[in-house]
Amino acid sequence: MDNKKLIISPSPHIYSGADTQTLMRDVLVALLPAFVVSALVYGQSVIAVTAVSVAVCVATEWLIQRYLIKGPSTVGNLSAVVTGVLLAFNLPSDIPLWMVFVGAVAAIGVGKMSFGGLGRNPFNPALVGRVFMLISFPAAMTTFPDPLLPAGFDAVTGATPLSALKEGLMSGAPLSEIVGQFSYRDLLLGIRSGSFGELSGLALLLGFAYLLIRRVITWRIPVYVLGSMALMAALLWGVDPSRYADPLFHLLTGGAILGAVFMATDYATSPMNHRAMAIYAIGIGLLTMIIRTWGSYPEGMSFAILIMNAFVPLLGKYVKPSRFTRAANDKSSR
Amino acid sequence: MSRSFSLGGIHPPQSKHTRALPVEPFPVPETVAIPLVQHIGAPAVPVVAKGDRVKVGQLIGRKEGFVSANVHSSVSGTVVAIDELPDMGGIRRPSVTIQVEGDQWDEAIDRSSTLVRECALAPQQIVEKIAAAGIVGMGGATFPTHVKLSPPPGRKIDTLIINGVECEPCLTSDHRLMLERGEEMIVGVMILARALGVERSYIAIEENKPDAIAHLGRMVADYPGVEVMGLRVRYPQGSEKQLIEAVARRRVPSCGLPSDVGVVVQNVGTALAVYEAVQKDKPLIERIITVGGEALPRPGNFLVRVGTPIGALIDHCGGMEGGQKIISGGPMMGRAVSNPAAPVAKGTSGIVVMPDAGSRRSKERDCIKCARCVSVCPMGLEPYLLIKMVRMGRSDQTEEQRILDCVECGSCAYACPSKLPLLDFVRMGKGEAMRLRRQRQQACKRCD
């Protein structure tokens with residue numbers, strides 16, 4: 001045995017391959033099907049909006065990290081790219097690019113870096129950017145080009161299914177007529193108007209399956225969010241089907257799947273154990289339905305997620321994971 | 001679906017490349033250094049002097065007090081030194097160094113391979129023989145076996161679990177033992193059951209060893225009360241608390257012992273040692289060790305005399321090709337070796353040489369709160385929170401967050417994508433929490 005230098009460290013001596021960059025890359029791959037659908041439906045404006053959003057998010061993080069925090073660059077972990085794509089997915093495809101610029105700076109600058117960067121931000125950065133834009137540019141954020149019209153008519157705006165529902169009900173139109181304009185097949189495939197990432201339920205579910213296979217997220221938060229939404233929608237629908245839309249309509253519209261799979265599951269802003277995850281996710285589902293049904297905005301997913309984000313630290317403090325054993329002097333756990 | 005424990009767990013790569021290699025007797029080295037403390041408890045007191053001639057199996061260290069273990073010579077030859085020698089981590093331990101001359105065994109030891117099935121000894125006599133033979137837990141914990149077999153009065157033990165899980169990657173010594181020494185081991189289980197007065201014994205084996213499950217399953221038909229139980233592969237199933245939950249569906253309470261739920265757990269290696277001690281009068285002087293790891297050209301399973309230098313095992317297997325890290329035990333819970341001249345001991349289940357790529361830790365990054373550490377923890381703890389508390393010097397809050405429940409399996413650190421040294425800090429925090437607890441208990445005593 002020759003005397004070579006040995007490496008000493010405490011156990012464990014092997015590690016899983018998981019690292020932040022790989023996880024974020026997997027999220028980007030999972031977003032790809034939805035991106036392709038949007039680009040097919042809305043054309044190249046989708047690519048332009050996404051490119052600007054990603055570029056500004058990455059640049060903002062790099063500049064703040066370098067000149068304000070004065071720490072090593074963190075853009076390599078790709079989390080700013082994910083935020084950029086998610087922000088873009090929440091925008092109308094014809095939004096002016098300078099507005100995207102403002103939203104992206106708000107998302108990363110205010111939503112993420114002002115708290116110290118990845119892992120420290122309490123609110124989902126992409127949603128901070130989106131809500132910032134919704135309040136600053138309400139008109140541009142709520143008019144969407146109608147993909148069903150041939151080219152050349154792109155000045156005409158189409159109603160999203162949920163805004164059609166809200167406005168239709170206020171004007172006294174019968175519900176069956178409003179909902180009847182949208183076929184579930186088209187909603188699933190993405191042939192309708194709306195924020196461009198939320199178009200196709202099928203593409204988003206494909207991404208969900210990929211995230212599950214790659215073990216980036218677990219099924220819990222998306223299933224609890226969508227399940228509680230469906231349950232509340234089913235209850236309302238059961239009470240009065242002439243006033244409330246059916247559960248499937250709610251699940252396929254208003255970014256429900258995009259929010260449940262990609263936004264509510266954001267690591268930094270969602271709870272850390274299964275019990276707290278359930279409370280958080282069910283809260284999002286119910287709040288979304290409450291805002292959609294009785295609020296003044298047609299869709300409620302963004303607000304519901306941000307509201308529940310605010311409860312995450314509290315849940316972390318008081319809702320503990322299922323322990324192996326009860327402590328001698330502790331009756332709360334187990 | 002077959003049984004397993006309920007919370008957390010991981011699936012590290014198994015890397016059991018030596019599973020099909022039969023156990024070979026390892027050549028007796030020229031000198032051995034036998035530590036007088038190879039167990040948890042007080043060091044044994046030397047009963048030989050420099051210049052004495054000893055035989056294989058002769059007592060050289062007598063146990064000091066109840067929680068201690070006898071130490072026997074693993075070779076024949078002359079005692080050349082009784083002094084303190086650095087162990088594998090560099091800590092000096094009282095040791096007896098013996099210059100090997102021939103291989104002369106103590107006459108009392110039955111070296112034949114005939115199986116001796118019947119044991120008519122009373123429980124107390126069995127425990128005495130086990131204590132005399134210096135048997136300790138051979139899974140790595142090295143707790144003296146006679147102590148485990150003497151539960152506190154009033155504690156009724158009704159289940160014996162034999163740990164053949166071997167959930168650590170790379171290690172195959174228990175697997176080979178079950179295949180090659182299966183029936184002797186089962187007789188050892190019967191003896192342990194007799195000593196404890198239990199009706200049911202389970203030999204728990206993970207399903208990645210179907211040959212061992214089938215082999216022992218056929219044999220236990222002749223041994224009433226012994227059952228082989230296959231468990232779903234999952235780390236850390238070999239951890240005592242997890243194993244008891246998987247097999248007996250009972251949870252050992254916080255800071256409690258298996259005997260609190262009527263269970264005693266023994267490793268398969270211990271069961272074989274018990275057979276040899278009780279039926280063959282052979283003390284614990286050798287054991288089966290896997291010498292493996294990606295950086296070793298010719299890995300294998302060996303029957304090794306206690307006191308053989310770790311370096312001799314590595315050289316025998318082709319030397320460290322490019323490797324820079326030696327682990328005593330498995331890659332998940334084993335200890336890094338800084339002194340390859342140190343001897344193997346009763347609790348050494350394997351020597352693993354890590355390849356260069358796996359030897360160094362990656363750079364730590366910011367926690368992204370992905371919650372993997374929480375979901376893999378088999379004890380339901382929150383490692384991300386514990387490391388934060390320990391780093392902030394808030395060890396006063398960690399006991400409330402159940403830091404003392406940690407079994408140090410390392411699943412959290414294994415799973416962390418940000419490479420946080422979670423277990424390092426939890427260990428530190430455990431030490432600090434224990435200190436605070438003792439302080440508090442002393443304060444209580446003063447008030448009484």
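Within every chain, numbering begins at 1; the chains are lettered A, B, ... in the order of the sequence lines, protein sequences first and strands thereafter. Values in this document were obtained by computation on a predicted structure and should not be read as measured data. Keep in mind that the numbers below use all heavy atoms, side chains included, and drop hydrogens, waters and symmetry copies.
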Atom CZ of residue position B:Arg249 - does it have more than 12 heavy atoms of other residues, nucleotides or ligands inside 6.0 Å? yes
Atom group of B:Val337 that falls short of 4.5 Å from chain A, counting heavy atoms: backbone
Would you say the side chain of A:Leu6 lies within less than 4.5 Å of the side chain of B:Ser338, judging by non-hydrogen atoms? no
Interface residue of largest heavy-atom contact number with chain A, from B:Lys241, B:His11, B:Arg360, B:Arg361, under 4.5 Å: B:Arg361
Answer yes or no: is there a side-chain heavy-atom contact under 4.5 Å between B:Leu423 and A:Pro10? no
Tell me whether B:Arg234 at atom CZ has more than 12 heavy atoms from other residues, nucleotides or ligands lying less than 6.0 Å away. yes
Heavy-atom contact with chain A under 4.5 Å, split by part of B:Met332: both
For B:Arg251 and A:Thr325, indicate whether the former's side chain and the latter's backbone hold a donor-acceptor pair under 3.5 Å. no
Distance-only side-chain donor-acceptor flag, A:Thr269 / B:Lys369, under 3.5 Å: no
Can you check side chain to side chain contact (heavy atoms under 4.5 Å, CB included) on A:Arg323 and B:Leu7, steps first, answer last? CA-CA 8 Å; A:Arg323 308 285 201 197; B:Leu7 297 176; 5.9 Å; no
Main-chain N/O of B:Gly334 paired with A:His13 side-chain donor or acceptor, under 3.5 Å: yes
Checking heavy atoms, do the side chain of B:Glu245, its backbone, both or neither come under 4.5 Å from chain A? side chain
Within residues 20-29 of chain A, which positions have a heavy-atom distance to chain B below 4.5 Å? A:Thr20, A:Leu23
Is B:Phe5 in contact with chain A via its backbone, its side chain, both, or neither, using a 4.5 Å heavy-atom distance? neither
Given the rule in the side chain to side chain contact (heavy atoms under 4.5 Å, CB included) test, do B:Lys419 and A:Asp19 qualify, once you have shown the distances and angles that lead to the verdict? CA-CA 8 Å; B:Lys419 321 291 178 196; A:Asp19 68 55; 4.3 Å; yes
Could you report the tightest heavy-atom contact between B:Ala415 and A:Ala18, atom names first, then the distance? O-CB, 4.3 Å
A:Ser16 side-chain N/O to B:Tyr414 backbone N/O, donor-acceptor pair under 3.5 Å: yes
Is the shortest heavy-atom distance from the side chain of A:Met272 to the side chain of B:Leu385 under 4.5 Å? no
Ordered numerically, the heavy-atom neighbours of chain B under 4.5 Å found in residues 115-130 of chain A are A:Leu118, A:Gly119, A:Arg120
Side chain from CB out, backbone as N, CA, C, O: work out which of these in B:Ile368 comes under 4.5 Å of a heavy atom of chain A, or both, or neither. both
Evaluate the criterion side chain to side chain contact (heavy atoms under 4.5 Å, CB included) for residue pair A:His274 and B:Ser375; output intermediate values, then yes/no. CA-CA 8 Å; A:His274 298 162; B:Ser375 58; 4.0 Å; yes
Given the options B:Pro331, B:Cys416, B:Pro169, which has more heavy-atom pairs under 4.5 Å with chain A than any of the others? B:Pro331
Who among B:Met333, B:Gln242, B:Arg372, B:Arg427 has the most heavy-atom pairs with chain A under 4.5 Å? B:Arg372
Looking at B:Leu404, B:Val252, B:Ile10, which one has more heavy-atom pairs under 4.5 Å with chain A than the rest? B:Val252
Proximity breakdown for B:Cys370 and chain A, heavy-atom pairs closer than 4.5 Å: both
Less than 4.5 Å apart, any side-chain heavy atom of B:Glu382 and any of A:Lys320? yes
